[in-house]
Amino acid sequence: MAIYLSKESKVLVQGMTGGEGMKHTRRMLAAGTDVVGGVNPRKAGQTVDFDDRAVPVFGSVRDGIEATGADVTVVFVPPAFTKAAVVEAADAGIALAVVITEGIPVHDSVAFTTYAKTKGTRIIGPNCPGLITPGQSNAGIIPADITKSGRIGLVSKSGTLTYQLMYELRDIGFSTCVGIGGDPVVGTTHIDCLAAFEADPETELVVMIGEIGGDAEERAAAYIREHVTKPVVGYIAGFTAPEGRTMGHAGAIVSGSSGTAQAKKEALEAAGVRVGGTPTETAQLVLAVLAAEA
């Protein structure tokens, strides 16, 4: 089992013919992803050869869906055009849009995430590494060869920390890893993923990675307290971040006592979440919890 993405997923890549789109489409195919087409209105009707597979290019997301039955799109489109690309995908009825692009204006992200909800399209991102169900499918830029299929679910704001925890827990493996993105506005939250992992019979434990800024982790803690029965282990990035300065992600900014790593750690621990002080300690806590549950 998995959440959001499986071996049955049929994936389009908007922006596949660009440099980043080409590179990561090749990696997704190598990971077993069923990439059924690219989208570029200027190159419709062409095909792109990726080693032993020729992938067709469609003029629109709707054309790609009609021709292939695609239900996922991965968006590698420059920031100025991302809003239009996501709106197009939502209008075409895509079920899941994975928005890799960073540097999108916040008002555009507000617009397209809100619009997608009205169309029933789930957005992962923006400014995210995407998601992977190891051994089945990989939609985005997450390295596919650093872990294996297993029983841990992972949801993270940080791409780099996603990769580190995947690697440190590679002997256990993961059901699905979701990088939700670090922008102030994202389409899928920690809470969305926690609910999905709670409902997934193959996920036994959830790792939740947060960071300074905003109140997403505090809201997740409240949700965990009321709705999550599976063990959750957490990590918060940014204990040494200076106040009032954005750190790495646009949403990672502390104002006064609001949004600090310590406040988030305390909220999670009050909800029964074990919180590591470093990524490695977090991985060790996961192993300890799984050993205790055995």
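Model, not experiment: these values are computed from the prediction.
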- Spacing of OG1 belonging to T280 relative to CG belonging to L165, to within rounding of 0.5 Å: 8.5 Å
Please tabulate, for the side chains in residues 73-90, all donor-acceptor contacts under 3.5 angstrom to protein atoms that are two or more places apart in sequence or on a different chain.
unit_1 : atom_1 : unit_2 : atom_2 : d
T73    : OG1    : Q14    : OE1    : 2.8
T82    : OG1    : V77    : O      : 3.1
T82    : OG1    : P78    : O      : 2.9
E88    : OE2    : V61    : N      : 2.7

- Closest heavy-atom contact between A144 and N138? CB-ND2, 4.0 Å
- Message: With salt bridge (Lys or Arg N to Asp or Glu O under 4.0 Å) as the rule and sequence neighbours excluded, what pairs involving residues 54-67 come up?
- Response: none
- In Å, rounded to the nearest 0.5 Å, how long is the span from CD1 of I146 to CD of Q164? 10.0 Å
Only distances under 3.5 Å count here; give the side-chain donor-acceptor pairs of residues 282-294 to other protein atoms, sequence neighbours excluded, each with its distance to 0.1 Å.
unit_1 : atom_1 : unit_2 : atom_2 : d
T282   : OG1    : T278   : O      : 2.7

- Item | For L161 against P279, the heavy-atom pair lying closest together | CD2-CG, 3.7 Å
- Does E217 use its side chain to pair, donor to acceptor, with the backbone of E211 at less than 3.5 Å? yes
- Note on the structure: For residues 116-130, the salt bridge (Lys or Arg N to Asp or Glu O under 4.0 Å) pairs (sequence neighbours left out) are D91-K119, R122-D192
- Test item: L205 and R151 side chains (from C-beta on) under 4.5 Å apart, heavy atoms: no
- Note on the structure: Distance col, row L131:CG vs S137:OG, nearest 0.5 angstrom, shows 7.5 Å
- Query: Side chain of D215, backbone of R219: donor and acceptor closer than 3.5 Å?
  - Reply: no
- Specify the closest pair of heavy atoms between G234 and V273, including all atoms of both residues, with the distance to one decimal. N-CG1, 3.6 Å
- Does anything in residues 138-175 pair up under ring pair (Phe, Tyr, Trp, His ring centres under 6.0 Å), and if so which pairs, sequence neighbours excluded? none
- Smallest heavy-atom separation, A221 atom then A267 atom, equals CB-O, 3.5 Å
- Drop me the distance from T25's OG1 to L12's CG, to the nearest 0.5 angstrom. 10.5 Å
- Message: Between I104 and V99, is there a side-chain heavy-atom distance shorter than 4.5 Å?
- Response: yes
- Rounded distance (nearest 0.5 Å) linking atom CZ of R26 with atom CG of D49: 9.5 Å
- Query: Within a reach of under 6.0 Å around CD of E102, are more than 12 heavy atoms found that belong to other residues, nucleotides or ligands?
  - Reply: no
- Item | Taking every non-hydrogen atom, the tightest pair across I191 and A220 | CG1-CA, 3.8 Å
- Message: Applying a strict under-4.5 Å side-chain criterion to I, L, V, M, F, W and Y, I'd like to know whether I65 and V57 cluster together.
- Response: no
- Here the ring pair (Phe, Tyr, Trp, His ring centres under 6.0 Å) pairs for residues 262-281, sequence neighbours left out, are none
- Does any N or O in the side chain of T118 come within less than 3.5 Å of the main-chain N or O of Y115, such that one atom is a donor and the other an acceptor? yes
- Message: Is there a side chain to side chain contact (heavy atoms under 4.5 Å, CB included) between I132 and M166? Walk through the geometry before answering.
- Response: CA-CA 11 Å; I132 181 171; M166 285 172 62; 4.1 Å; yes
- Message: Is there a side chain to side chain contact (heavy atoms under 4.5 Å, CB included) between V11 and V98? Walk through the geometry before answering.
- Response: CA-CA 10 Å; V11 179; V98 183; over 6 Å; no
- Message: In the structure I gave you, are the side-chain heavy atoms of V35 and F50 within less than 4.5 Å of one another anywhere?
- Response: no
- salt bridge (Lys or Arg N to Asp or Glu O under 4.0 Å): pairs with one or both residues in residues 14-23, sequence neighbours excluded: E20-K23
- What ring pair (Phe, Tyr, Trp, His ring centres under 6.0 Å) pairs are there with at least one residue in residues 181-229, not counting sequence neighbours? Y223-H227
- Query: Can you name the residues that form a salt bridge (charged side-chain N to carboxylate O under 4.0 Å, His left out) with E281, not counting sequence neighbours?
  - Reply: none
- Task: Side-chain contact test, heavy atoms from C-beta onward, threshold under 4.5 Å: evaluate it for S156 versus Y235 and give yes or no.
- Result: no
- Note on the structure: Residues at least two apart in sequence or cross-chain that pass salt bridge (charged side-chain N to carboxylate O under 4.0 Å, His left out) with D52, listed by chain then number, are none
- Query: Is there a chain of hydrophobic side chains (I, L, V, M, F, W, Y, each step under 4.5 Å between heavy atoms) that links V233 to L154?
  - Reply: yes
- Hey, could you give me the OG1/CD1 distance between T188 and I3, rounded to the nearest 0.5 Å? 9.0 Å
- Could you walk me through whether V206 and V228 pass the side chain to side chain contact (heavy atoms under 4.5 Å, CB included) check? CA-CA 10 Å; V206 181; V228 178; 5.7 Å; no
- Note on the structure: Scanning both residues in full, the closest heavy-atom pair of P201 with A199 reads CD-O, 3.3 Å
- Task: Establish whether V36 and V55 are linked, either directly or via other cluster members, by ILVMFWY side-chain heavy-atom contacts under 4.5 Å.
- Result: no
- Message: Please check this pair: side chain of T113 against backbone of V186, looking for a donor-acceptor N/O pair closer than 3.5 Å.
- Response: no
- Same apolar cluster (I L V M F W Y, side chains within < 4.5 Å links), I142/I124: yes
- Message: For residues I94 and M28: do they belong to one hydrophobic cluster (side chain heavy atoms under 4.5 Å, members Ile, Leu, Val, Met, Phe, Trp, Tyr)?
- Response: no
- Task: Under the salt bridge (Lys or Arg N to Asp or Glu O under 4.0 Å) rule, what do E218 and K264 come out as? Steps first, then yes or no, please.
- Result: CA-CA 6 Å; E218 289 87 344; K264 294 175 183 296; 3.0 Å; yes
- Message: Filter on salt bridge (Lys or Arg N to Asp or Glu O under 4.0 Å), then keep only pairs touching residues 3-14, sequence neighbours left out; what's left?
- Response: K10-D34
- Task: Please check if the side chain of N40 supplies one atom and the backbone of R42 the other of a donor-acceptor pair under 3.5 Å.
- Result: yes
- Task: Examine distances only and state if a side-chain atom of T68 and a backbone atom of A70 form a donor-acceptor pair shorter than 3.5 Å.
- Result: yes
- Take T229 and E198 through the test side chain to side chain contact (heavy atoms under 4.5 Å, CB included) and record every step on the way to the result. CA-CA 7 Å; T229 61; E198 174 71 11; 2.6 Å; yes
- Which pairs, with at least one residue in residues 169-179 and sequence neighbours excluded, count as a side-chain hydrogen bond (donor to acceptor under 3.5 Å, both in side chains)? T133-T176, S175-T203
